[in-house]
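Accompanying notes for the structure given below.
One is the number of the first residue; the rest follow in order along the sequence. Everything numeric here is computed off the predicted structure, so don't read it as measured data.
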Amino acid sequence: SLKIVFIFVFVHITTLAQKNITIFSGYNFSKIKYKQNNINENVNFSFNRGLNIGIEYRFPKIFAGFGFFQRGSGLSRATMLNIGGIDYNINISGQEVYNYLSAHIVYPHKLNQRLELFGGIQIGKSNNGESLANLKFTDFNSSRSDNIELESEDFNIDQGIKLGMNYMLN
């Protein structure tokens, strides 16, 4: 039953936490900008939420771990489309989501018993992703969507700074 599974997972996580192994989860807020200035100037980029889940080992001075996280951006642009000599107002919108496998090393700084800040480095490789585009004819309230699956060979290894906060609830 579901109750037995929940109890098993809770006991398993509690056992892991007592061995300096922690399972973490949370949300990312990311916005991806491109190296081409003509794209950044003509498209409105917005933050995209993504999942962050993994496992880490807590050494005395640092944490090291690996996990799965999602990065991406929302995008939109109002423009005109000329079909047969007639201009139509359109809005192009969509989102890109990239799924990463990552490893990190962070240094924690405890502010009090419940609150801890951390910072460090992270390296990741995207294993796949998804690009969703929506084209809307604003004058006719008509739209069309396309979804493209992105493959891992389309991406390089990414690295960056990892900043965050832990807050103990118990």
Side-chain angles (χ1 to χ4, degrees), residues 2 9 13 22-56 63-109 111 115-167 169:
L2 188 58
V9 170
I13 290 171
T22 305
I23 296 173
F24 63 87
S25 65
Y27 275 113
N28 287 327
F29 290 96
S30 62
K31 184 186 332 183
I32 296 175
K33 292 265 185 152
Y34 295 90
K35 290 185 179 179
Q36 297 93 344
N37 283 335
N38 61 335
I39 293 175
N40 293 327
E41 293 169 0
N42 295 320
V43 177
N44 298 321
F45 290 96
S46 60
F47 283 96
N48 194 46
R49 287 186 309 227
L51 178 65
N52 184 7
I53 186 167
I55 188 166
E56 64 187 10
F63 302 164
F66 63 92
F68 168 84
F69 67 93
Q70 295 175 314
R71 296 269 164 86
S73 289
L75 54 101
S76 66
R77 178 177 185 213
T79 189
M80 286 215 175
L81 179 65
N82 187 295
I83 300 175
I86 300 172
D87 289 333
Y88 295 97
N89 291 319
I90 62 168
N91 186 28
I92 302 169
S93 62
Q95 67 179 13
E96 294 176 334
V97 176
Y98 305 101
N99 300 316
Y100 282 85
L101 297 176
S102 68
H104 66 269
I105 297 174
V106 296
Y107 176 78
H109 177 70
L111 296 177
L115 188 61
E116 176 179 65
L117 302 177
F118 60 85
I121 58 171
Q122 182 176 40
I123 187 167
K125 173 74 170 121
S126 181
N127 60 340
N128 62 24
E130 181 178 75
S131 179
L132 174 67
N134 185 23
L135 175 69
K136 182 176 182 182
F137 286 85
T138 53
D139 297 333
F140 300 105
N141 198 22
S142 172
S143 66
R144 176 189 163 121
S145 294
D146 283 322
N147 194 8
I148 300 170
E149 296 293 324
L150 306 171
E151 300 298 326
S152 63
E153 59 267 4
D154 297 332
F155 304 104
N156 293 322
I157 292 177
D158 291 334
Q159 66 280 337
I161 297 172
K162 181 173 182 155
L163 303 171
M165 175 180 71
N166 289 332
Y167 182 77
L169 296 175

Just wondering, do [Y] and [X] contact through their side chains at under 4.5 Å, heavy atoms?
X	Y	value
L51	F68	yes
R77	L75	no
K125	I157	yes

_Expected output: side-chain E130 to main-chain V97 donor-acceptor under 3.5 Å_ =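 Judged by distance alone, no pair lies under 3.5 Å.
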_Flag, side chain of S30 to backbone of G72, donor-acceptor distance under 3.5 Å_ = yes
Calculate, to the nearest 0.5 Å, the distance between atoms [atom1] and [atom2] belonging to [X] and [Y] respectively.
X	Y	atom1	atom2	answer
L117	L111	CG	CG	4.0 Å
I86	M80	CD1	CE	12.5 Å
E96	L132	CD	CG	10.0 Å
Q70	I53	CD	CD1	10.5 Å
S25	N52	OG	CG	8.0 Å
I90	R144	CD1	CZ	13.0 Å

*Test side chain to side chain donor-acceptor pair (under 3.5 Å) on N99 and N128 and set out the steps.*
CA-CA 6 Å; N99 300 316; N128 62 24; 2.6 Å; yes
*asked:* Quick check on I161: does its CD1 atom have over 12 non-hydrogen neighbours (other residues, nucleotides or ligands) under 6.0 Å away?
replied: no
*asked:* Just checking K162: does its NZ atom have more than 12 heavy atoms from other residues, nucleotides or ligands closer to it than 6.0 angstrom?
replied: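 Yes, because the 6.0 Å sphere around NZ of K162 holds more than 12 heavy atoms from other groups.
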*Let me see the working for F63 and I105 under side chain to side chain contact (heavy atoms under 4.5 Å, CB included), right down to the final yes or no.*
CA-CA 6 Å; F63 302 164; I105 297 174; over 6 Å; no
*Name all residues meeting the ring-ring contact (aromatic ring centres under 6.0 Å, His included) criterion together with F118; count only those two or more places apart in sequence or in a different chain, and write none if there are none.*
none
*What residues form a ring-ring contact (aromatic ring centres under 6.0 Å, His included) with F24, not counting sequence neighbours?*
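In terms of ring-ring contact (aromatic ring centres under 6.0 Å, His included), with neighbours along the sequence ignored, F24 is linked to H104.
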*Partners meeting side chain to side chain donor-acceptor pair (under 3.5 Å) with D158 (sequence neighbours left out)*: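 Counting only residues at least two positions away or on another chain, D158 forms a side chain to side chain donor-acceptor pair (under 3.5 Å) with Y100.
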_side chain to side chain contact (heavy atoms under 4.5 Å, CB included), that's the test. Do M165 and L115 meet it? Break it down for me._
CA-CA 7 Å; M165 175 180 71; L115 188 61; 3.3 Å; yes
*Mind running side chain to side chain donor-acceptor pair (under 3.5 Å) on N48 and S73 for me, showing each step along the way?*
CA-CA 5 Å; N48 194 46; S73 289; over 6 Å; no
